[in-house]
**Student:** 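Below are the structure tokens for one structure; questions will follow.
For this chain, numbers begin at 1 and follow the sequence in order.
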Amino acid sequence: MTRKSYLIFLPAFLLISIGAAAQATYKIKLTNLENKKGDVYIGWYTNSSDFMKPKKATIAKIVPVNGIGQVIVSFDRVPAGKYAISAFLDENGDKDLNLSFFGKPTEKYGFSNEIRPTMRPAFFSEAAFDVNGKDGEMTIELK
């Protein structure tokens, strides 16, 4: 290989290496499922305008649960950045978090950073955390 070839390929290789190093694996443990049946929806969001809108999640998984108390879901190759996670247990299969007449969720839900507001939904800023290329894990207790 000529010197010119090294000068072309070296920067490309370094950029690819840096991009790969900036990704992480995260394990999210969802607890308090109370041995119910349904699908758990887990969404990772990168901004407040999309937060808690399942169709606008940057990263998402749907995991079936059947009579278990907790589940661990692995997310591979999560790019570095700021995220907030919202999760809910869809017990009736309608692919949505159901609310009562007064707007209170009737299905189990939870957020990253264990945010538990009592009279309002969580804000993106409260649930946000940084992914910096290092593997991590987090527990979200559904309520």
**Student:** Quick one: side chain to side chain donor-acceptor pair (under 3.5 Å) pairs with a partner in residues 104-113, sequence neighbours left out?
**Tutor:** Tyr109-Lys143
**Student:** Please lay out, stage by stage, how Glu137 and Lys29 fare under the test side-chain contact (heavy atoms from CB on, under 4.5 Å).
**Tutor:** CA-CA 8 Å; Glu137 46 188 64; Lys29 180 179 181 181; over 6 Å; no
**Student:** With sequence neighbours excluded, tell me which residues meet side-chain hydrogen bond (donor to acceptor under 3.5 Å, both in side chains) with Ser100.
**Tutor:**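 None.
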**Student:** For atom CD of Glu34, is the number of surrounding heavy atoms from other residues, nucleotides or ligands below 6.0 Å larger than 12?
**Tutor:**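 Above 12, so yes.
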**Student:** Enumerate the residue pairs fulfilling salt bridge (Lys or Arg N to Asp or Glu O under 4.0 Å) with a member in residues 84-97, sequence neighbours excluded, ordered by first and then second residue.
**Tutor:**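 Every pair satisfying salt bridge (Lys or Arg N to Asp or Glu O under 4.0 Å) with a residue in residues 84-97: Lys36-Glu91.
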**Student:** Hey, any chance Ile62 and Ile28 share a hydrophobic cluster, counting ILVMFWY side chains that come within less than 4.5 Å of each other, even indirectly?
**Tutor:** no
**Student:** Which pairs count as salt bridge (Lys or Arg N to Asp or Glu O under 4.0 Å) when at least one residue sits in residues 116-130, sequence neighbours excluded?
**Tutor:**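 Residue pairs with at least one partner in residues 116-130: Lys82-Asp130, Glu114-Arg116, Arg116-Glu141, Arg120-Glu126.
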**Student:** Starting from Val73, can I reach Leu89 by hopping between I/L/V/M/F/W/Y residues whose side chains sit under 4.5 Å apart?
**Tutor:**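 As far as the 4.5 Å side-chain criterion goes, Val73 and Leu89 are connected within one cluster.
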**Student:** On a heavy-atom basis, which atom in Ala122 and which in Phe51 lie closest, and how many Å separate them?
**Tutor:** O-CE2, 3.6 Å
**Student:** Can you pull the ring pair (Phe, Tyr, Trp, His ring centres under 6.0 Å) pairs that have at least one residue in residues 61-107, sequence neighbours excluded?
**Tutor:**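 Listed by first then second residue: Tyr41-Phe88, Trp44-Phe75, Trp44-Tyr83.
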**Student:** List for me each residue that meets side-chain contact (heavy atoms from CB on, under 4.5 Å) alongside Ser74, sequence neighbours excluded, and say none if there are none.
**Tutor:** Thr25, Lys27, Asp76
**Student:** Rounded at 0.5 Å granularity, tell me how far OG1 in Thr139 sits from CG in Asn32.
**Tutor:**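 Taking OG1 in Thr139 and CG in Asn32, the distance rounds to 12.0 Å.
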**Student:** What is the distance from atom CZ of Phe123 to atom CD1 of Ile115, rounded to the nearest 0.5 Å?
**Tutor:** 10.5 Å
**Student:** Quick check on the hydrophobic clustering: are Val78 and Val40 connected, directly or via other members, by side-chain heavy-atom contacts under 4.5 Å?
**Tutor:**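 Yes; Val40 is reachable from Val78 via cluster members.
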**Student:** Each residue besides Ile72 in its hydrophobic cluster should be listed here, by chain and number; the cluster joins Ile, Leu, Val, Met, Phe, Trp and Tyr at side-chain heavy-atom distances under 4.5 Å.
**Tutor:**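 Joined to Ile72, directly or through intermediates: none.
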**Student:** Search all heavy atoms of Gly133 against all heavy atoms of Ala80 and return the closest pair with its distance.
**Tutor:** N-CB, 4.5 Å
**Student:** Please check this pair: side chain of Asp135 against backbone of Ala24, looking for a donor-acceptor N/O pair closer than 3.5 Å.
**Tutor:**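 Checked: no pair found.
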**Student:** Pro121: what forms a side-chain contact (heavy atoms from CB on, under 4.5 Å) with it, not counting sequence neighbours?
**Tutor:**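 Residues passing side-chain contact (heavy atoms from CB on, under 4.5 Å) with Pro121: Met52.
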**Student:** Going by side-chain hydrogen bond (donor to acceptor under 3.5 Å, both in side chains), name the residues that satisfy it together with Thr31, two or more places apart in sequence or in a different chain.
**Tutor:** none
**Student:** I need the minimum non-hydrogen distance between Tyr45 and Ala57, along with the two atoms involved.
**Tutor:**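 Answer, listing the atom of Tyr45 first, then Ala57: CE2-CA, 3.5 Å.
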**Student:** Could you list the residues that satisfy salt bridge (Lys or Arg N to Asp or Glu O under 4.0 Å) with Arg77, not counting sequence neighbours?
**Tutor:**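 For Arg77, no residue satisfies salt bridge (Lys or Arg N to Asp or Glu O under 4.0 Å) once neighbours in sequence are set aside.
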**Student:** Roughly how far, to the nearest 0.5 Å, is the CD1 atom of Ile42 from the CD1 atom of Ile140?
**Tutor:** 7.5 Å
**Student:** Would you mind listing every salt bridge (Lys or Arg N to Asp or Glu O under 4.0 Å) that reaches into residues 41-64, with sequence neighbours excluded?
**Tutor:**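 Those involving residues 41-64 do not exist here.
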**Student:** Working to the nearest 0.5 Å, report the span between OG1 of Thr58 and CG of Asn47.
**Tutor:**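 Interatomic distance, Thr58 OG1 to Asn47 CG, rounded to 0.5 Å: 7.0 Å.
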**Student:** If you link ILVMFWY side chains whenever their heavy atoms are less than 4.5 Å apart, which other residues fall into the same cluster as Met119? By chain and number, please.
**Tutor:** none
